[in-house]
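Just so it is clear, the model here is predicted, and its values are computed rather than measured.
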Amino acid sequence: MSLACETPNVSFPSHSVRQATLDDLPVFEACERTGFSENRQSSRASLKRSITSTSQLALVIERKEKRKKPTPAGTAVVFQYKRSLRIYSLAILSEHRLLGLGEALLRHIVEFAASHGYERVSLEADMNNPRLVNWYRKFGFEPIRTLSDYYGPGEPAVRMVLTPSSREGASESVVIVVDEPGRVKGCCPGVQFVSATDYLSDTNYANSNRFHVLNLCNSYRTHSMGYYVSLLATARNHRVTPSVMTVKDVTTPPVAQSLLDEIKDAIHPKPQPARGEILELTIILGRTEDPCRAELGRKLFSLFTIPFFTITMERQDGWKFRKVKVLHLKQVAKRYPELLREALAGYCLKKRYSRPRLKSYQYDLAILINGKEPTPPSCPAALEKFRKAAERVGFFVEFITKADHRRICEFDALFIRETTAIENHTYAMSRHAYTEGLVVVDDPWSIMLCSNKVYLQERLANAGVNQPRGWHLTRKDCTDRLLGSLPLPLVLKLPESSFSLGVFRVSSVDELKAKLDEMFKHTDLVIAQEFLVSQYDWRIGLMDNTPLFACKYYMANNHWQIYNWQEPECDEGFSGPSETVSANQVPAHILKAAIQASSLIGSGFYGVDLKDIGGKAYVIEVNDNPNVDAGIEDLVLGDELYERIMRSIYNRIEAERHQIRYIY
């Protein structure tokens with residue numbers, strides 16, 4: 001496709017650029033007729049596809065004049081790829097040319113690319129029109145290839161490319177997310193803020209992984225908007241400060257102390273304070289008010305990666321962590337306005353810090369259990385099989401409980417056989433064990449990623465994994481119109497749930513509204529999914545992304561789930577029957593989907609739940625710490641199942657001896 005340009009005026013008329021709707025189709029057709037020769041014009045059907053496509057950006061630039069309704073003056077069609085944009089067409093209506101509107105529209109596209117993390121912008125220009133080629137050169141586009149007969153015989157084009165990040169003065173694509181941009185705009189002139197709602201809902205952010213998200217929301221507590229910004233940033237492969245894991249780290253004293261020990265040599269105030277003295281330091285994106293503490297501030301920020309915080313340490317034999325107080329943007333803007341402005345400007349221009357290297361250990365195995373748990377992931381008989389298999393592989397085994405968290409460093413590996421959750425001690429112990437250099441199954445990343453259904457839904461969707469249709473619902477978005485448009489019955493999920501707890505089915509709009517009101521008391525975000533009917537769910541157990549077992553879990557008697565939590569005391573009807581089959585009996589599309597889904601989380605021990613609907617696999621969720629009970633999951637492999645898991649842990653320890661480990 002060719003592009004029509006204009007010679008811009010120095011001063012632009014008042015204008016705005018917006019995304020096109022189907023009502024703009026006549027404007028696009030007019031631009032095609034007046035801007036391009038007949039053999040280069042797009043058809044009406046093609047233009048309609050561009051406007052409605054989720055992979056194309058159709059734009060309209062409107063000219064604004066006093067006391068007049070904005071007038072459409074030009075259009076552009078841009079193809080969106082994972083890492084680049086391609087300007088397919090750009091044209092200004094003849095009556096609005098020579099006013100600089102073409103330049104304004106082009107700059108809008110380039111700025112969109114830069115702000116949304118695209119690596120480059122490309123286009124094709126008529127090689128026989130040097131004026132047009134030079135016009136694009138002025139904006140930084142450079143010819144990279146000649147395309148002979150591109151428009152037709154004897155009508156060559158030149159492909160031109162601009163890299164937004166290479167433009168003079170351009171910085172890394174940092175997205176600064178806040179709760180309400182309007183309330184903080186005045187505190188940092190020149191800094192562009194994005195609202196949490198826009199970041200969560202704007203698919204342009206989801207379509208690119210070239211972002212670093214600086215999350216400055218007022219709260220990072222579980223289920224808050226700030227929490228979901230960090231969670232979905234991770235799901236979208238965006239670098240994020242702070243991560244959900246980071247916030248957990250600084251509120252877990254053993255983990256925080258272990259991290260602090262990594263820079264103990266850097267904490268040397270002079271003169272050395274007496275035993276029992278307190279050191280309190282406020283750090284704003286790695287900067288401090290005290291220039292003598294500048295290096296320490298940078299190290300602490302690289303360690304904890306919380307945007308704004310005050311850390312308190314006490315001098316004993318060494319420095320002991322006492323607490324971290326997370327500060328909010330409005331607090332910092334009020335108390336440290338100049339430091340905040342300098343810190344934000346520096347942060348947007350500089351590369352991020354890496355986390356420090358961790359040390360590794362080796363060869364005893366701790367298995368974390370909870371004897372009082374009503375539905376543990378492994379029954380006592382299975383735990384005994386794990387112990388015997390570990391001993392055959394070469395481990396000395398000790399069963400531990402949460403009371404043994406201070407003894408973690410005595411072991412070489414931790415195997416968790418207690419139901420995990422990011423809010424309880426299992427995550428804290430996993431994180432602490434990893435920090436101490438142990439091989440951990442489940443590792444803290446798997447616990448964090450699998451425990452939240454919002455993350456899973458986004459992660460699977462970005463990778464193109466087939467799953468039930470889903471919607472992220474917030475209280476603000478739940479209008480009568482939206483709720484009435486959702487298909488019923490519908491499954492509602494709390495973001496963090498396990499064993500089907502926190503999962504509800506609603507069959508009417510009134511029931512939907514009532515259940516949402518109840519759920520919004522606990523979370524800012526609820527997942528809604530279409531209800532798929534099946535006789536059973538597949539569970540594929542994997543380690544190192546290799547299938548270990550395959551089970552069919554049938555629904556509980558007279559219930560729509562595997563577990564009937566409405567009657568938990570009734571052993572007979574609490575769960576449905578199960579059927580274990582060998583991996584070679586599992587349909588190929590089920591195995592393929594399970595392996596793809598587990599690989600998106602990591603290489604740990606996972607159970608992927610799927611439904612087979614009409615010969616098509618639908619991934620329901622990926623579970624860390626899947627059930628392994630004697631007489632169920634081990635029916636096919638027997639003791640070999642336990643040995644394979646133990647052998648994987650053993651091999652990981654061997655591999656760790658020759659690798660450098662980092663926390664990111």
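Considering CG of Asp537 and CG of Asp609, their distance stands at 6.0 Å, rounded to 0.5 Å. Expressed to the nearest 0.5 Å, how far CD of Glu633 lies from CG of Leu641 amounts to 8.5 Å. To the nearest 0.5 angstrom, Ile311 atom CD1 is 8.5 Å from Leu279 atom CG. With rounding to the nearest 0.5 Å, the separation of CZ in Arg287 from OG1 in Thr282 is 15.5 Å.
In this view, Glu418 satisfies the salt bridge (charged side-chain N to carboxylate O under 4.0 Å, His left out) rule with no residue, not counting sequence neighbours. In this structure Arg417 satisfies the salt bridge (charged side-chain N to carboxylate O under 4.0 Å, His left out) test with no other residue, sequence neighbours excluded.
Within the 6.0 Å centre-distance limit, the rings of Tyr642 and Phe386 are counted as a close aromatic pair.
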Start with the C-alpha distance between Ile620 and Gln467, add both sets of side-chain angles, then the distance that settles side chain to side chain contact (heavy atoms under 4.5 Å, CB included), and finish with yes or no. CA-CA 6 Å; Ile620 304 302; Gln467 57 184 325; over 6 Å; no
Can you list the steps and then say if Met519 with Phe504 is a side chain to side chain contact (heavy atoms under 4.5 Å, CB included)? CA-CA 10 Å; Met519 298 174 80; Phe504 311 96; 3.9 Å; yes
Could you check Arg644 against Leu548 for side chain to side chain contact (heavy atoms under 4.5 Å, CB included), going step by step and ending with a plain yes or no? CA-CA 8 Å; Arg644 287 189 186 183; Leu548 292 175; 3.7 Å; yes
Chi angles and distances behind the side chain to side chain contact (heavy atoms under 4.5 Å, CB included) call for Glu621, Gln457: CA-CA 8 Å; Glu621 59 188 22; Gln457 187 181 54; over 6 Å; no
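Formation of a donor-acceptor pair under 3.5 Å by the Asp624 side chain with backbone atoms of Asp442 is not found in this model. For Thr523 (side chain) and Val526 (main-chain N/O), no donor-acceptor pair under 3.5 Å exists by modelled atom type. Ser578 places no side-chain N or O within 3.5 Å of a backbone atom of Lys552 that could act as its donor or acceptor partner.
Closest heavy-atom contact between Leu449 and Leu456: O-CG, 3.7 Å. What you find for Met429 and Asp404 is that their closest heavy atoms are CE-C, 4.4 Å. Of all heavy-atom pairs between Ala594 and Val608, the closest is O-CG2, 3.6 Å. Contact between Asn466 and Ala617 at its shortest, heavy atoms only, is ND2-O, 3.0 Å. When all heavy atoms are compared, the tightest approach of Arg539 to Asn627 is NH1-N, 3.8 Å. In terms of heavy atoms, Val619 sits closest to Pro468 at O-CD, 3.5 Å.
Sparse packing is recorded around NZ of Lys388, with 12 or fewer heavy atoms of other residues, nucleotides or ligands lying under 6.0 Å away.
For the pairing with Leu414, the side-chain contact (heavy atoms from CB on, under 4.5 Å) check across Ile400, Asp443, Leu365 returns one residue only, Ile400.
Geometric assessment of Arg505 against the ring of Phe531 yields a positive cation-pi assignment under the 6.0 Å and 45° thresholds.
The pair Glu280-Lys325 does not count as a salt bridge, with every side-chain nitrogen at least 4.0 angstrom from each carboxylate oxygen. Salt bridge status for Arg652 with Asp544: present, with a side-chain N to carboxylate O gap under 4.0 Å. The existence of a salt bridge linking Arg322 and Glu314 is confirmed by a sub-4.0 Å separation between a basic side-chain nitrogen and an acidic carboxylate oxygen.
The aromatic rings of Phe605 and Phe415 sit tilted relative to each other, their planes meeting at an angle between 30° and 60°.
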